[in-house]
Amino acid sequence: MAITSERWIDPGRLQAQIDDLAEFGARGETGVARLVYAPEWVAAQNQIAAWMTEAGLRVERDTVGNVWGYLDGRQSGEPLVVSGSHIDSQNPGGRFDGALGVLAAINALAALRERHGQPERTLAALSLVEEEASRFSTANFWGSRAIIGRIGAEEPKRLRGYDGVTMAEAMRDAGLDPNRIPEAKRDDIGVFIELHIEQGPYLEQADLPVGIVERVTGYRQYLVTLEGEANHAGTTPMDLRRDPMAGAAEIISGVVNTAHRMGRPAVTTIGRIHAQPNERAVIPRQVSFTVDARSPLPGQRERLLARHEALIREVADRRDLTLSLRVDSDRRPVLADPVLVEIIAEAASEAGVPAMRMTSGAVHDSMQLAEIARMAMIFVRSRGGISHSPEEFTSTEDAADGTEVLARALYRLGYA
Ligand code: HGY
Ligand code: MN
Ligand code: MN
C-alpha cells in the first residue's frame, strides 16, 4: 500500500462489491462466466444499477443495455467525463477483468460526491455490456461500438453465438429491442478513462501497483479456413493427400514462430481450432482456426500481418487447399491523450501511489471510445500477470490504489 495522508476510497467497500459481483455467474471458487445478455449478466447489470443509485448517481440504461450513472455537474451542456469498463467475462474468466473498472468508477464517483459535492462538469460511471466476444465471437465491443454508432444494421441478425442464438434474440431475451440500437449513439462524451487490471506481468516485475497507459496495442484477428479432401488415414499415400490439418500445422507453427522471432512486443496466438470430421482415422475435410496477431508498434504490426498472410496463402496454395481468410477484427494501435496521461500521473503522485507509464497488450473498450473522446487508461497490478482465467487476482490494496488515482484524476477533470 502506498503511503499517503488521507484516502478518498474505502478499500473495504470496493472489495465487498468485487466479491458480490463475482457471485453473478460464479464458476468454482474464483471463476466467473457472465456472458452478454445471459440471465446472470442481466442480474449483474441490475446490481450495478442499484450500486450506482446507492452512490447517489442518476441511472440511465441505453438501448443496447449499457448502464450509465451520472453525477450531474453545475454546467449543463459541457462534454461528459466518463469512466467505466465492461461486466461480461471470458467463459470462464476471473473476477476482475472489466468488473474492476466499473466498480472503480462507481466508487470514485461515490467518494467525489461524498467529499466534494456537485462537480462543475457532469461525471459518469459506465457499465458496458460486452467486450470479451465470449458468447458472440465477432461482437467486437458491442456496448462501446453502439455508443460510437458503429454497429451495422444487419449485425443483430447475422451474429450468432456459440449457443446458436442470434444477437437479436439474445437482446430480446434481456428485454432489449435490437431495432433501437442506433439510439445508443452518443456525441456528448469529452473524456473516457478506463481503469482495468493489467492482465500482464510488467507491474509485478516493477513492483508497482499502478500503470498509466500511453498506448493500446493494435491487432488483427482472422478466421482461417482450409478445405481439402477427407479420406482414409491408412490407405491414402502422403503425396496424394490434400490434408488441411497438415496445412494448419504448418501455418500455426509458422505464424507463432514469426512473432517469437520478431521479438517483443509482437505476439501471435492460435486460440481456437476446429477440425471436420474430427475423427482419429480420417484425414479431415476442413480445418478452421483463429489467428490473433498484435503489436503496439504500427510498423511492426504491419510487418507481422504481412508475413502471416503471405505464409497462409503460400501454404494453402502449395498444398492445394481451398483457403478462406476472414478478418474479424482489425485495429491499429491507439494512443492515450497526452494531457490525460499527465493528469493521471499528477493524481497518482498526489495520492502517493507509485506508478509507471506503459503499453496495453490487451485491447479495450477505450480503443472504440477514443474515436469520439479523449481517452486514457489506468492499470492495476495482476498477480502473476494472469488473466482470462479464474486464477486472475488483484489485491484489495492495489485495486484501491488504482481507484484512488482514478478519483483524483476525475476530480481534476470535473471540479476544477
Ligand atoms: O483480447 C483482449 O485483449 C481483450 O481482453 N478482450
Ligand atoms: Mn477487459
Ligand atoms: Mn478480457
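In each ligand, atom 1 is the first atom listed, and ligand 1 is the first ligand listed.
- We find that Arg331 and Glu371 are joined by a salt bridge, their nearest charged nitrogen and carboxylate oxygen being less than 4.0 Å apart.
- Counting atoms of ligand 1 from 1 in the listed order, those under 4.0 Å from a heavy atom of Ala362 are 3 (O).
- Ring orientation note: the planes of Tyr415 and Tyr411 are close to parallel, at an angle under 30° on the 30°/60° scale.
- Because the distance cut-off is set at 2.8 Å, His196 qualifies as a neighbour of the Mn ion (ligand 2) through one of its N, O or S atoms.
- Nearest residue to atom 3 (O) of ligand 1 from His388, Gln90, Met367, Arg294 is Arg294 (criterion: closest heavy atom).
- Angle NE2 (His86) to the Mn ion (ligand 2) to OD1 (Asp97): 100°, rounded to 10°.
- Taking the charged nitrogens against the carboxylate oxygens, Glu23 and Arg95 have no contact shorter than 4.0 Å, which rules out a salt bridge.
- Look at Glu132 and the Mn ion (ligand 3): an N/O/S atom of the residue is under 2.8 Å from the metal.
- Within the structure, the closest approach of His364 to ligand 1 does not fall below 4.0 Å when heavy atoms are considered.
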Report task. Would you sort out whether Gln45 and Ser127 count as a side-chain hydrogen bond (donor to acceptor under 3.5 Å, both in side chains), showing the intermediate values? Result -> CA-CA 8 Å; Gln45 264 313 43; Ser127 181; 2.6 Å; yes

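- Cation-pi geometry between Arg383 and Phe393 is met: under 6.0 angstrom from the ring centre, within 45 degrees of the axis.
- Residue-ligand proximity, Glu132 to ligand 1, at heavy-atom distances under 4.0 Å covers atoms 5 (O), 6 (N).
- Near Val363, meaning under 4.0 Å from any of its heavy atoms, are these atoms of ligand 1: 1 (O), 2 (C), 3 (O), 4 (C).
- Aromatic pair Trp142/His86: centroids not less than 6.0 angstrom apart.
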